[in-house]
Amino acid sequence: MKNIKKLAAYYFSGTGNTKYVTEKLCESLKPEYDCSVYDISLAPNADEMKQADLILFAFPVYGSAPPQPMRRFLYNNKDRVSGKKLAIIVTQYMFSGDGAASLGRAAEKYGGRVEYAEHFNMPNNISDCNIFKIRNGEDIIPMLEKTDRRIEAFAKKILSGVRFRRGFGVASHALGFLSQRALFRKGESKKRDKLKIDGGRCTGCGACVKQCPAGNLVLSNGKARPSNVCALCYRCVNLCPNKAITLIGKHAPEVQYKGVGAVKR
């Protein structure tokens, strides 16, 4: 009888990009791996790590750094990763240098062994800035097809047991730290205070409050209000039906990112 390994996958996803890659990868690892997939913003079963042959952490990188919820999740489960084989995948729009290693180094300090790490390009979701164009529907299919092929290639490495760790080299570390992470971390707390909700546009529908993965938004006097625990994930900016929310940008998004779930292939 064939030995089926257990994989426990834990992801953080703002607008669905990381969720997409995580689920695709887990499908590609079947039937050799029995995969359990958890969204860390929904009180996941962390005890699955104890029985897992491989633990997967997945997240989008912000300035070549893991989002705060993922950093906190790893810290809260540092005892569970000790002695375990780990895989780390990150999603990014362009490049991050050492995005996967930025969490992997912390995991290894806690006793985990990162065996596999990869970066996957996904569509831009920063919709309140004009730096990069927002694409939806058929326009993102070519990128998704390229990413699908990369997922399949990464899955084959895991299935064959070939150790592969993108971003763990010295050059990647320097690129990630010097070009992005040093600046991002320096102003990260200030960025959390930049979430703005236009009271004139907000109708108090509560969509952003229900969907916020960090519990940062509340309804007060019929309007959505931010707290100080923004995860910088851009979910609320892109789902608000009245385009009332901005984060990094100063103006309401002209086009919102609809996510991979809206793509018909």
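Count residues from 1 along the sequence. Please read these numbers as outputs of a predicted model, since none were measured by experiment.
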### Message
Is it the case that the side chains of S28 and E152 hold a donor-acceptor pair, with the cut-off being a distance below 3.5 Å and no angle test?
### Response
yes
Once rounded to the nearest 0.5 Å, what's the spacing between atom [atom1] of [X] and atom [atom2] of [Y]?
X    : Y    : atom1 : atom2 : answer
Y33  : L54  : OH    : CG    : 5.0 Å
I197 : C236 : CD1   : SG    : 7.0 Å
L247 : S127 : CG    : OG    : 9.5 Å
I89  : T22  : CD1   : OG1   : 4.0 Å
M122 : I140 : CE    : CD1   : 7.0 Å
L86  : E108 : CG    : CD    : 7.5 Å

### Query
Taking the six-membered ring for Trp, is the centroid-to-centroid distance between Y93 and F132 below 6.0 Å?
yes
### Query
Among the clusters formed by ILVMFWY side chains lying less than 4.5 Å apart, do F73 and I55 turn up in the same one?
yes
### Task
Verify the cluster assignment for Y75 and Y38: are they in a single hydrophobic cluster under the rule of side-chain heavy atoms below 4.5 Å apart?
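Yes; Y38 is reachable from Y75 via cluster members.
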### Task
Write out all pairs satisfying salt bridge (Lys or Arg N to Asp or Glu O under 4.0 Å) with one or both partners inside residues 66-79, taking only residues at least two apart or from two chains.
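Passing the test, one end in residues 66-79: R71-E188.
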What heavy-atom pair brings [X] and [Y] nearest, and what distance separates the two atoms?
X    : Y    : result
G161 : Y116 : CA-OH, 3.5 Å
D98  : R105 : OD2-NH2, 2.9 Å
A244 : R201 : CB-CB, 3.5 Å
L103 : P66  : CB-CG, 3.9 Å
G104 : I88  : CA-CD1, 3.3 Å
N77  : A46  : OD1-CB, 3.1 Å

### Query
Are Y234 and D128 close enough, and set up right, to give a side chain to side chain donor-acceptor pair (under 3.5 Å), and what steps lead you there?
CA-CA 9 Å; Y234 264 83; D128 59 352; 2.5 Å; yes
### Query
In this structure, which one of K157, R166, K156 forms a salt bridge (charged side-chain N to carboxylate O under 4.0 Å, His left out) with E118?
R166
Does any non-hydrogen side-chain atom of [Y] lie less than 4.5 Å from one of [X]?
X    : Y    : value
C205 : P241 : yes
K30  : E27  : yes
Y257 : N17  : yes
I245 : C208 : yes
I131 : I126 : no
I158 : L7   : no
F57  : V81  : yes

### Message
Quick check on K84: does its NZ atom have over 12 non-hydrogen neighbours (other residues, nucleotides or ligands) under 6.0 Å away?
### Response
yes
### D139 CG: over 12 foreign heavy atoms closer than 6.0 Å
yes
Output yes when a side-chain donor or acceptor of [X] lies under 3.5 Å from a complementary backbone atom of [Y], and no otherwise.
X    : Y    : answer
D53  : K5   : no
R235 : G14  : yes
Q92  : H119 : no
K196 : D193 : yes
N238 : N125 : yes

#### Entry: Test side chain to side chain donor-acceptor pair (under 3.5 Å) applied to Y10 - qualifying residues, sequence neighbours left out
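Expected list: none.
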### Task
Could you pull out all residues at least two apart from S102 that satisfy side chain to side chain donor-acceptor pair (under 3.5 Å)?
none
### Query
Looking at N121, V90, I151, D148, which one forms a side chain to side chain contact (heavy atoms under 4.5 Å, CB included) with V21?
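Single side chain to side chain contact (heavy atoms under 4.5 Å, CB included) partner of V21 among N121, V90, I151, D148: I151.
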### Task
Evaluate the side chain to side chain contact (heavy atoms under 4.5 Å, CB included) criterion for residues M143 and K146: first the C-alpha distance (whole Å), next the side-chain angles of each, then the deciding distance (0.1 Å), finally the verdict.
CA-CA 5 Å; M143 175 177 278; K146 186 175 181 180; 5.8 Å; no
### Task
Using the side-chain hydrogen bond (donor to acceptor under 3.5 Å, both in side chains) rule, collect all pairs that involve residues 241-253, keeping only residues at least two apart or in two chains.
T203-N242
#### Entry: side chain to side chain contact (heavy atoms under 4.5 Å, CB included) assessment of M70 paired with I40
CA-CA 8 Å; M70 180 55 75; I40 68 166; 4.0 Å; yes
### Task
Could you work out the complete set of other residues in the hydrophobic cluster of Y11, with links drawn between I, L, V, M, F, W and Y side chains under 4.5 Å apart?
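Taking Ile, Leu, Val, Met, Phe, Trp and Tyr as members, Y11 shares its hydrophobic cluster with V37.
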Under 3.5 Å, which donor-acceptor pairs do the side chains of residues 220-233 form with other protein atoms, sequence neighbours left out?
| unit_1 | atom_1 | unit_2 | atom_2 | d |
| --- | --- | --- | --- | --- |
| K223 | NZ | G199 | O | 2.8 |
| K223 | NZ | C202 | O | 2.6 |
| S227 | OG | N216 | O | 3.2 |

### Worked check of side chain to side chain contact (heavy atoms under 4.5 Å, CB included) between F120 and L25
CA-CA 11 Å; F120 297 94; L25 176 62; 5.7 Å; no
### Worked check of salt bridge (Lys or Arg N to Asp or Glu O under 4.0 Å) between K6 and D34
CA-CA 5 Å; K6 289 186 177 294; D34 176 19; 3.5 Å; yes
